[in-house]
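Position 1 is the first residue of the sequence; numbering continues from there.
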Amino acid sequence: MATSASSKLNKAVKQQYMSLPQGEKVQAMYIWIDGSGEGLRCKTRTLDSEPKTIEDLPEWNFDGSSTYQSEGSNSDMYLIPAAMFRDPFRKDPNKLVLCEVLKYNRKPAETNLRYTCKKIMNMVENNHSWFGMEQEYTILGTDGHPFGWPSNGFPGPQGPYYCGVGADKAYGRDIVEAHYRACLYAGVQIYGSNAEVMPAQWEFQIGPCEGIDMGDHLWVARFILHRVCEDFGVVVSFDPKPIPGNWNGAGCHTNFSTKEMREDGGLINEMWESIEKLAKRHRYHIRAYDPKGGLDNARRLTGRHETSSIDEFSAGVANRGASIRIPRSVGQDKKGYFEDRRPSANCDPYAVTEALVRTCLLKEEGEEPANYSK
């Protein structure tokens, strides 16, 4: 199993230093999304005291030419603190700080999708939109081979691995447990976790979160997972189809509801109306649901392995092969939420939640998002 050199360092020696008192100073790790729209970057600065609110955190900057976000001749980018969490690696009073990225002219960077998403969420705040996202991922060695798989072959076929127990069925549970506890410590709204259908594939759920908090909490949960895997010397992949062939892909199923959907009769009055709007805007959502405009999802949404076809919209109760699944309990209670099963594992949650709000609540139509700045 190929692991990184960092996993072989003596963690007990590191702990000797991490237990040293730090006085009144605080380490704040600033986190941002790079120019790929998928990668995360981070760096740390010292603060004189513990910040209590996001307003207590200073703006900062970084070299955008090294993160696919600017040219070397004009490389400074601004980091604008947007959300703050406890740091599970350095512990209290230290912080994780999720940031928006602005260009030299103070306009949002191309992969800063939070900027527009926040504006859209503010427009519909009275609807109290709730989201829950089911993040699937695959644990790999540093050589790109799935963790625990035979070096020159494949494990047994899918079947015993989903929610499996035992060394021959669950590959990498230590990482899952460490990530779960780290998220709880950080204040991330983690809901649960489970082993997935493909061996070395797992899922965690974030939510319910309202509005912009959905994207904030999922991105920080992803960052924490990357850092936990780093300590174990392995790699996390959010590729929507990491292994070609007869193996399940990885999605980020998104549960969505409004105040009206959660009230009595919400299934009849609000939910089916929203689903009808989604049916008319399928291609727009496919483009928004992975960072390559649908090309990544084309490898996953084949109509097989519990997916719908990328070319067709479908909806149904308890149907895991549909674009939109209404849980059986929701069908019985006639209220609740629906699950959009189309977003890919490497989607940007800001893009997904914004698209749902635009179509379902702002009642947009057509292939392009409306411009509300005019």
Side-chain angles (χ1 to χ4, degrees), residues 1-4 6-9 11-12 88-89 132-186 188-207 218 221-253 255 300 302 304-307 318 320-321 325 327-329 339 341 344-346:
M1 185 69 234
T3 57
S4 71
S6 65
S7 67
K8 300 177 178 66
L9 297 175
K11 305 303 180 184
F89 306 103
M133 299 187 79
E134 306 170 20
Q135 177 68 72
E136 295 177 340
Y137 62 93
T138 310
I139 302 173
L140 308 175
T142 54
D143 58 357
H145 195 66
F147 181 81
W149 285 34
S151 57
N152 294 309
F154 296 91
Q158 295 180 156
Y161 308 108
Y162 173 71
C163 296
V165 178
D168 59 339
K169 301 178 184 68
Y171 302 174
R173 192 184 296 276
D174 286 352
I175 291 164
V176 175
E177 294 296 334
H179 174 251
Y180 203 138
R181 190 61 60 88
C183 283
L184 289 174
Y185 182 94
V188 169
Q189 192 72 18
I190 188 167
Y191 185 86
S193 71
N194 58 270
E196 265 302 332
V197 176
M198 188 180 83
Q201 189 183 80
W202 295 81
E203 173 183 300
F204 64 88
Q205 302 96 33
I206 300 295
L218 183 56
R222 286 174 174 176
F223 173 82
I224 291 173
L225 182 56
H226 280 299
R227 277 286 288 106
V228 167
C229 285
E230 181 183 324
D231 283 343
F232 281 96
V234 295
V235 176
V236 57
S237 170
F238 297 112
D239 189 281
K241 188 70 174 178
I243 306 298
N246 195 28
W247 302 97
N248 270 37
C252 193
H253 304 155
N255 302 293
R300 168 180 159 261
T302 60
R304 300 180 62 213
H305 306 110
E306 299 183 47
T307 70
R320 295 184 182 275
R325 181 181 73 94
R328 188 169 299 284
S329 60
E339 176 191 49
R341 297 177 60 81
S344 66
N346 61 344

Side-chain donor/acceptor of H179 to backbone N/O of F204, under 3.5 Å: no
Full working for side-chain hydrogen bond (donor to acceptor under 3.5 Å, both in side chains) between N248 and Q158: CA-CA 8 Å; N248 270 37; Q158 295 180 156; 3.1 Å; yes
Shortest non-hydrogen contact from A182 toward P88: O-CB, 3.6 Å
Gap separating the OG1 atom of T138 from the CH2 atom of W202, nearest 0.5 angstrom: 12.0 Å
Salt bridge (Lys or Arg N to Asp or Glu O under 4.0 Å) involving E136 - partner list, sequence neighbours excluded: none
Distance-only criterion, 3.5 Å: show the donor-acceptor pairs between side-chain atoms of residues 159-175 and protein atoms not counting sequence neighbours.
| residue | atom | partner | partner atom | Å |
| --- | --- | --- | --- | --- |
| Y161 | OH | G156 | N | 3.2 |
| Y161 | OH | G156 | O | 2.7 |
| R173 | NH2 | G164 | O | 2.9 |

Worked check of side chain to side chain contact (heavy atoms under 4.5 Å, CB included) between T3 and V234: CA-CA 5 Å; T3 57; V234 295; 4.2 Å; yes
Approximate separation, where rounding is to 0.5 Å, of Y191 OH and I206 CD1: 12.5 Å
Non-hydrogen side-chain atoms of P155 and W247 separated by less than 4.5 Å: yes
Spatial distance of atom CZ (R325) from atom CD (E339) [nearest 0.5 Å]: 4.0 Å
Step-by-step side chain to side chain contact (heavy atoms under 4.5 Å, CB included) determination, V236 to L140: CA-CA 6 Å; V236 57; L140 308 175; over 6 Å; no
Stepwise side-chain hydrogen bond (donor to acceptor under 3.5 Å, both in side chains) check, N194 with Q205: CA-CA 9 Å; N194 58 270; Q205 302 96 33; 3.0 Å; yes
Close side-chain approach of R304 and N246, heavy atoms under 4.5 Å: yes
Audit row: C252, L218, side chain to side chain contact (heavy atoms under 4.5 Å, CB included) steps and yes/no: CA-CA 10 Å; C252 193; L218 183 56; 4.0 Å; yes
Test item: M198 and P242 side chains (from C-beta on) under 4.5 Å apart, heavy atoms: yes
From I139 atom CD1 to S237 atom OG, the distance as rounded to the nearest 0.5 Å: 11.0 Å
Pairwise side-chain contact, D239 with N346, heavy-atom cut-off 4.5 Å (strictly under): no
Validation row: R222, Q135 side chains within 4.5 angstrom (heavy atoms): yes
From NZ (K11) to CZ (F232), nearest 0.5 Å: 9.5 Å
Check: P150 main-chain N/O paired with H145 side-chain donor or acceptor under 3.5 Å: yes
Any donor-acceptor pair under 3.5 Å from E230 side chain to S7 backbone: no
Non-hydrogen side-chain atoms of I243 and W149 separated by less than 4.5 Å: yes
Distance (rounded to the nearest 0.5 Å) between R341 CZ and R300 CZ: 8.0 Å
Full working for side chain to side chain contact (heavy atoms under 4.5 Å, CB included) between V176 and Y137: CA-CA 11 Å; V176 175; Y137 62 93; 3.4 Å; yes
Between H226 and F238, ring centroids under 6.0 Å: yes
